[in-house]
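The structure displayed is predicted, hence computed values, not measured ones.
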Amino acid sequence: MHARLNLLGNTIAARSLRHIISADKVLADSTLPTATQELVKLRASQINGCGFCTDMHTKDATHAGETSTRLNLVAAWREAKVFTDAERAALELTEQGTRTADAAGGVTDDVWANAAKHYDEDQLAALVLGIAIINAFNRVNVIVQQPAGDYQPGQFG
């Protein structure tokens with residue numbers, strides 16, 4: 001598979017992506033745990049079928065100390081016993097926030113309330129915007145068919 005567009009070599013794409021990357025760096029510096037951020041990015045990328053981002057966030061999470069057991073179980077987080085209640089709340093919010101076409105009502109009040117039990121307002125803001133940002137990246141990569149397996153940790157920041 002090859003990319004239809006060189007995102008970093010195209011002036012319009014590169015300038016636009018720099019802003020999204022900058023926003024993502026703000027979230028990376030938030031108090032939302034790094035493990036939660038990577039689990040959210042990985043789960044949204046799996047749902048969206050973005051091989052490049054799934055590869056990237058698996059490698060980034062591993063580089064940050066995440067275990068292979070937890071990474072292998074992200075897609076089955078409901079049944080897996082290796083995630084905290086807070087991580088489960090974040091993953092459920094991620095799924096509902098990513099699968100907006102599947103539920104016209106969007107994120108349910110119950111899912112939001114559960115997330116709010118585990119995260120303060122700043123962390124919720126980071127979680128919501130992190131979900132939105134990874135979905136934007138996923139869509140860009142899926143549209144241009146960015147190949148998986150080309151990413152090295154630290155490549156984009």
Side-chain angles (χ1 to χ4, degrees), residues 7-8 13-50 52-143 146 151-157:
L7 294 173
L8 299 179
R15 286 178 57 204
S16 298
L17 288 173
R18 269 196 292 267
H19 290 287
I20 299 172
I21 291 167
S22 292
D24 194 48
K25 285 182 181 181
V26 170
L27 303 179
D29 293 336
S30 74
T31 60
L32 184 65
T34 302
T36 302
Q37 292 182 43
E38 290 301 330
L39 293 173
V40 162
K41 290 173 182 178
L42 178 56
R43 185 64 190 127
S45 299
Q46 290 171 336
I47 292 166
N48 289 324
C50 182
F52 182 82
C53 290
T54 298
D55 178 61
M56 177 183 352
H57 295 296
T58 299
K59 288 176 180 174
D60 283 350
T62 300
H63 187 70
E66 192 58 74
T67 68
S68 61
T69 299
R70 284 170 41 97
L71 293 174
N72 291 334
L73 290 171
V74 168
W77 66 266
R78 284 179 182 81
E79 294 81 23
K81 305 294 184 211
V82 297
F83 301 104
T84 67
D85 289 342
E87 290 167 339
R88 290 174 182 284
L91 289 165
E92 179 68 17
L93 185 64
T94 300
E95 288 193 2
Q96 286 195 6
T98 298
R99 296 181 175 185
T100 55
D102 296 343
V107 173
T108 65
D109 289 340
D110 289 344
V111 168
W112 181 262
N114 190 34
K117 284 191 321 191
H118 299 284
Y119 301 102
D120 64 29
E121 192 168 293
D122 285 346
Q123 291 171 322
L124 283 170
L127 189 55
V128 167
L129 293 167
I131 293 166
I133 289 169
I134 191 58
N135 275 281
F137 276 125
N138 291 162
R139 279 145 178 82
V140 168
N141 283 325
V142 168
I143 291 166
Q146 182 69 39
Y151 175 75
Q152 297 300 317
Q155 180 177 350
F156 295 116

Q. Counting only N and O atoms by type, is there a donor-acceptor contact under 3.5 Å from the side chain of Q123 to the main-chain atoms of D120?
A. yes

(Q) Distance check, rounded to the nearest 0.5 Å: F137 atom CZ versus L7 atom CG? (A) 10.0 Å

Q | Atom pair CD1 (I134) and CZ (R139), whose distance is rounded to the nearest 0.5 Å | A | 10.0 Å

Q.
Please identify which of these residues, R70, K81, R78, meets the salt bridge (charged side-chain N to carboxylate O under 4.0 Å, His left out) condition with E87.
A. R70

Q: For D24 and K41, run side-chain contact (heavy atoms from CB on, under 4.5 Å): C-alpha distance rounded to whole Å, both residues' side-chain angles, the deciding distance at 0.1 Å, then the answer.
A: CA-CA 11 Å; D24 194 48; K41 290 173 182 178; 3.3 Å; yes

**Q.** Euclidean distance, Q96 CD relative to D110 CG, rounded to 0.5 Å
**A.** 9.0 Å

(Q) Return the CD1 to CG distance between I133 and N138, rounded to the nearest 0.5 Å. (A) 12.0 Å

Q.
The test is side-chain contact (heavy atoms from CB on, under 4.5 Å); show your working for T84 and T36 and say whether it passes.
A. CA-CA 10 Å; T84 67; T36 302; over 6 Å; no

Q: Indicate the atoms forming the closest heavy-atom contact of G49 with V142, along with that distance.
A: O-CG2, 3.9 Å

Q.
Please check this pair: side chain of R88 against backbone of W77, looking for a donor-acceptor N/O pair closer than 3.5 Å.
A. yes

Q) Is there a donor-acceptor contact under 3.5 Å from the side chain of Q37 to the main chain of L27? A) yes

**Q.** Steps toward side-chain contact (heavy atoms from CB on, under 4.5 Å) verdict (T31, Y119)
**A.** CA-CA 9 Å; T31 60; Y119 301 102; over 6 Å; no

(Q) Could you check whether any side-chain heavy atom of V140 comes within less than 4.5 Å of a side-chain heavy atom of F52, counting everything from C-beta outward? (A) no

(Q) Are L39 and F83 packed together at the side-chain level, in the sense that at least one heavy-atom pair is separated by less than 4.5 angstrom? (A) yes

Q: Check whether any side-chain heavy atom of H57 sits under 4.5 Å from a side-chain heavy atom of D60, and report yes or no.
A: yes

Q. Would you say the side chain of N114 lies within less than 4.5 Å of the side chain of K117, judging by non-hydrogen atoms?
A. yes

Q | 4.5 Å side-chain heavy-atom contact, M56 and C50 | A | no

Q. When rounded to the nearest 0.5 angstrom, what distance separates CD1 in I47 from OG1 in T94?
A. 7.5 Å

Q) Are D55 and K59 close enough for a salt bridge, meaning some N to O gap below 4.0 Å? A) yes

